[in-house]
*Asks:* 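Have a look at the structure that comes next, please.
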Amino acid sequence: MILFVLRRLAASIPALVAVLTLVFVIVRIVPGDPAMAILGDQATPSAIAALHVRLGLDRPIWQQYLEFLHRSLSGDFGHSMVTGRSVLGEVAAVLPNTLDLALASVLVGVIIGVPAGVYAAVYRNRLIDFLIRMASLFGLSLPVFVSGIFFLLLFGLYWRIFPVVGDVNLSNPIDRLYKLVLPAATLGLVMAAYITRVTRAAMLNVLREDYVRTARAKGVPQRRVIWRHGLGNASLPIVTIVGLYVGILIGNSVLTEIVFSRPGLGRIIVGALNQRDYTMLQGLMVIYCFLIVVVNLITDLAYGWLDPRVREA
Amino acid sequence: MIRRTLRWIVGHPTASVGALLCLVMVASAIGAPILSPADPLDQNIIDKLTPPGADYWLGTDDYGRDVLSRLLWGAQFSLLVSFLSVASAMLVGGTIGLVSGYVGGRTDVVIMQVMDVLLSFPSLILGLIIVALVGPAMSSLVFAIALTAVAPFARVARAPVLSLRNRAYVEAGRALGFSHARILFVHILPNMIAEVLVMATLWMADAVRTEAALSFLGLGIKPPAPSWGSMLRDGFENILDAPWLSIFPGIAILLLVLGLNMLGDGLRDATDPMIAGQ
């Protein structure tokens with residue numbers, strides 16, 4: 001297992017460089033001049049030139065690239081152009097809120113999605129399957145900023161069960177949990193819809209396998225066949241695909257945080273956008289890259305943990 | 001003919017309901033100039049924040065503009081942006097996938113790795129940053145949304161090429177001295193059109209959602225032109241006094257995305273021989 005972990009760690013370095021290169025390329029191929037975007041249409045040429053020097057845009061492109069890679073890989077994600085504080089520091093300050101939300105929503109998604117997907121697969125083409133599939137399609141179609149606003153209207157303003165404003169007091173666990181309910185439900189429903197769909201498909205494949213028939217023939221109880229032989233083997237593709245959806249989860253968490261005015265990465269991004277804080281945005285993108293590569297690594301490792309064959313291959 | 005259509009509709013309820021929803025949306029977008037009871041930009045300050053009623057069916061906004069008219073005109077914008085971005089992604093991504101799979105070898109490996117990297121990046125964040133750098137305009141919205149959808153189209157176009165390029169009829173074409181372009185576009189392309197179109201429908205749903213999300217965050221077209229996302233944003237700012245301002249655009253976005261998803265899902269089930277045969 002240790003060898004497997006080391007191999008995966010080594011393999012994720014090229015991936016990281018690739019994603020970082022993508023960030024670099026995107027920031028440069030986008031039409032328009034960032035200095036112009038920051039300063040506005042009426043900027044003087046000398047002001048634009050000065051900003052180019054400050055952002056390092058006057059140097060040759062390969063030099064910019066190498067320096068960008070070197071700084072990113074050594075953990076220097078730059079400083080905000082507006083506040084002058086380090087990007088990493090700003091992110092670290094709010095990260096617990098975003099992690100709370102992400103973890104809670106994955107939990108909601110698994111608790112609803114896995115059983116729903118299993119039932120849909122077992123009762124395939126019956127009414128319950130149809131209903132679960134429709135519900136999951138509905139969940140997939142419901143943008144979080146729409147469902148979030150609807151939840152806010154219903155539970156926050158109409159019934160007044162949950163708070164409308166989400167500034168979180170991290171030291172008070174009850175308050176922290178209470179304010180997490182609506183955002184986590186909003187984001188969790190989307191996750192649940194995805195997980196239901198993936199679980200159903202994976203279970204349908206597994207339930208056709210010979211070993212499931214063998215288990216049934218041996219007289220293993222139906223319940224055990226489904227949950228142990230079936231779900232046990234279906235968990236691999238489920239974990240992989242849930243790992244792939246982290247990108248969507250991140251995007252949706254930004255929107256959810258905005259709707260519930262929770263402090264978090266979403267608020268930092270939108271703040272940086274409004275202030276045209278170019279260096280902050282690039283730093284945030286780099287941090288997202290690290291996050292993606294780490295999640296892919298965790299997914300790979302989970303794969304190895306669940307399936308011994310992957311470890312030895 | 002009518003009978004066959006009816007039978008298909010009964011056999012594919014999901015796709016049919018989805019198609020109906022999409023048709024209604026497209027019709028109201030095209031018919032906006034006739035259907036809207038008022039000019040979507042016309043301000044009636046006296047009637048501002050009027051709840052839904054006989055005069056204004058869906059109420060008015062902060063400037064006294066008619067919400068129904070703005071919704072209808074907003075449908076035009078949402079559909080146009082999503083259509084243009086998915087069409088460009090389909091063209092660019094599809095070509096990349098076709099060529100990459102056809103050429104094969106190391107070129108294919110490298111191209112697909114680049115696509116995987118692009119695929120792993122959160123599309124909303126990518127869109128946010130692109131629009132922020134370029135400035136809010138319809139073209140930057142289209143560019144941003146299209147870029148996030150290129151990789152999936154490349155993947156879906158590439159997969160069938162790998163198996164098709166060694167088929168007898170393709171080899172026969174090569175033996176006859178057909179150019180690579182002719183083999184690719186005349187002999188291989190038609191075999192994957194169905195799959196690519198199904199995917200385009202599903203990505204339209206995604207594009208509508210991304211456009212609405214960007215507009216909701218204030219990165220859409222410039223006001224006062226109506227778009228569903230920016231209407232939702234305005235509504236959200238008035239959520240205490242005028243809930244209808246957020247409810248109706250929200251429902252409109254939901255119905256269009258749901259319709260496209262149902263259509264795409266239903267079509268996939270109908271065209272996939274694996275599922276259809278079971």
Side-chain angles (χ1 to χ4, degrees), chain A residues 14-15 18-19 21-23 26-27 30-34 36-37 124-125 130 133-134 137-138 140-147 149-150 152-153 156-158 164 244 246-252 254-255 258-259 266 269-270 272-274 276 278 281-282 284-285 288-289 291-293 295-296, chain B residues 13-14 18 113-114 116-135 139-140 143-144 147-148 202 205-206 208-210 212-213 216-219 228-229 232-233 235-236 239-240 243 246-247 249-262 265 278:
Chain A
V19 193
T21 309
L22 180 76
V23 171
I26 286 172
V27 174
V30 161
D33 181 347
M36 202 79 145
R124 170 173 195 200
N125 288 339
F130 179 76
R133 269 165 58 197
M134 283 301 118
L137 201 59
F138 187 82
L140 286 177
S141 306
L142 193 61
V144 285
F145 51 97
V146 173
S147 54
I149 288 178
F150 286 180
L152 208 58
L153 275 170
L157 296 170
Y158 193 69
V164 177
L244 282 176
V246 165
I248 295 169
L249 179 70
I250 289 173
N252 279 332
V254 169
L255 291 164
I258 300 297
V259 169
I269 286 192
V270 173
L273 284 174
N274 290 336
R276 302 202 166 277
Y278 173 79
L281 283 177
Q282 182 166 319
L284 285 172
M285 253 166 113
Y288 272 120
C289 291
L291 213 64
I292 292 164
V293 172
V295 169
N296 284 347
Chain B
T14 320
Q113 265 166 5
V114 173
D116 277 351
V117 170
L118 201 57
L119 201 62
S120 71
F121 214 85
S123 58
L124 186 75
I125 309 285
L126 200 63
L128 274 178
I129 286 161
I130 290 170
V131 180
L133 289 174
V134 190
S139 54
S140 45
F143 179 77
L147 188 62
T148 62
L202 291 169
D206 220 65
V208 170
R209 195 169 24 196
T210 310
F216 176 69
L217 292 173
L219 293 168
W228 289 351
L232 196 63
R233 173 190 172 84
F236 185 52
I239 197 165
L240 288 171
S246 358
I247 292 174
I251 291 176
I253 297 168
L254 171 63
L255 286 183
L256 180 54
V257 177
L258 186 64
L260 286 164
N261 270 336
M262 287 176 85
D265 233 49
Q278 281 166 7

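Numbered from 1 within each chain, the chains take letters A, B, ... in sequence-line order. Because the structure is predicted, anything quoted here is derived from the model rather than measured.
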*Asks:* Which atom names give the shortest non-hydrogen contact between L255(A) and A213(B), and what distance separates them?
*Replies:*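 Shortest heavy-atom separation between L255(A) and A213(B) comes out as CD1-CB, 3.8 Å.
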*Asks:* M134(A) versus chain B, heavy atoms under 4.5 Å apart: side chain, backbone, both or neither?
*Replies:*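 Just the side chain, heavy atoms under 4.5 Å.
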*Asks:* With side chains defined as the heavy atoms from C-beta onward, is the minimum distance between V259(A) and F216(B) less than 4.5 Å?
*Replies:*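 Yes, their side chains come closer than 4.5 Å.
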*Asks:* Out of V131(B), V208(B), D206(B), L128(B), return the one with the most heavy atom pairs under 4.5 angstrom to chain A.
*Replies:*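 Highest number of pairs under 4.5 Å: L128(B).
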*Asks:* Any heavy-atom pair between the side chains of P143(A) and I253(B) that's under 4.5 Å?
*Replies:*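 With C-beta onward as the side chain, the pair touches.
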*Asks:* Which atoms of F138(A) are under 4.5 Å from chain B, going by heavy atoms: the side chain, the backbone, both sets, or neither?
*Replies:*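 Answer is both: backbone and side chain atoms of F138(A) are under 4.5 Å from chain B.
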*Asks:* By a 4.5 Å heavy-atom criterion (distance strictly below it), what part of L142(A) contacts chain B: side chain, backbone, both, or neither?
*Replies:*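 Both backbone and side chain.
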*Asks:* Give me the atom names and distance for the closest heavy-atom approach of S141(A) to N261(B).
*Replies:*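 The answer is OG-ND2, 2.8 Å.
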*Asks:* Measure A212(B) against the heavy atoms of chain A and call it side chain, backbone, both or neither at under 4.5 Å.
*Replies:*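 Backbone plus side chain of A212(B), per the 4.5 Å heavy-atom cut-off to chain A.
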*Asks:* To the nearest 0.5 Å, what is the distance between CG (L202(B)) and CG (L140(A))?
*Replies:*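 Result: 10.0 Å between the selected atoms.
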*Asks:* If you count heavy-atom pairs under 4.5 Å with chain A, which of T210(B), L254(B), L255(B) comes out on top?
*Replies:*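 Greatest number of close heavy-atom pairs with chain A: L254(B).
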*Asks:* If you take all heavy atoms of S246(B) and F150(A), which pair is closest and at what distance?
*Replies:*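 Shortest heavy-atom separation between S246(B) and F150(A) comes out as O-CE2, 4.1 Å.
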*Asks:* Within this structure, what is the CG-CG distance for the pair N252(A) and L124(B), rounded to the nearest 0.5 Å?
*Replies:*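 Rounded to the nearest 0.5 Å, the CG-CG separation comes out at 7.5 Å.
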*Asks:* So, taking the atom named CG in L232(B) and the one named CD1 in I149(A), what distance separates them when rounded to the nearest 0.5 Å?
*Replies:*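 One finds 4.0 Å between CG of L232(B) and CD1 of I149(A).
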*Asks:* Below 4.5 Å from any heavy atom of chain A, which atoms of L219(B) appear? Answer side chain, backbone, both or neither.
*Replies:*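 Contact with chain A involves the side chain of L219(B) alone.
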*Asks:* Using non-hydrogen atoms and a 4.5 Å limit, figure out which bit of L256(B) sits close to chain A: side chain, backbone, both or neither.
*Replies:*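 No part of it gets close to chain A.
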*Asks:* Which heavy atom of P243(B) sits nearest a heavy atom of L153(A), and at what distance?
*Replies:*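 Closest approach of P243(B) to L153(A), heavy atoms only: CB-CD2, 3.6 Å.
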*Asks:* With heavy-atom distances below 4.5 Å as the criterion, would you say the side chains of L137(A) and T14(B) are in contact?
*Replies:*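 The answer is yes; the side chains approach within 4.5 Å.
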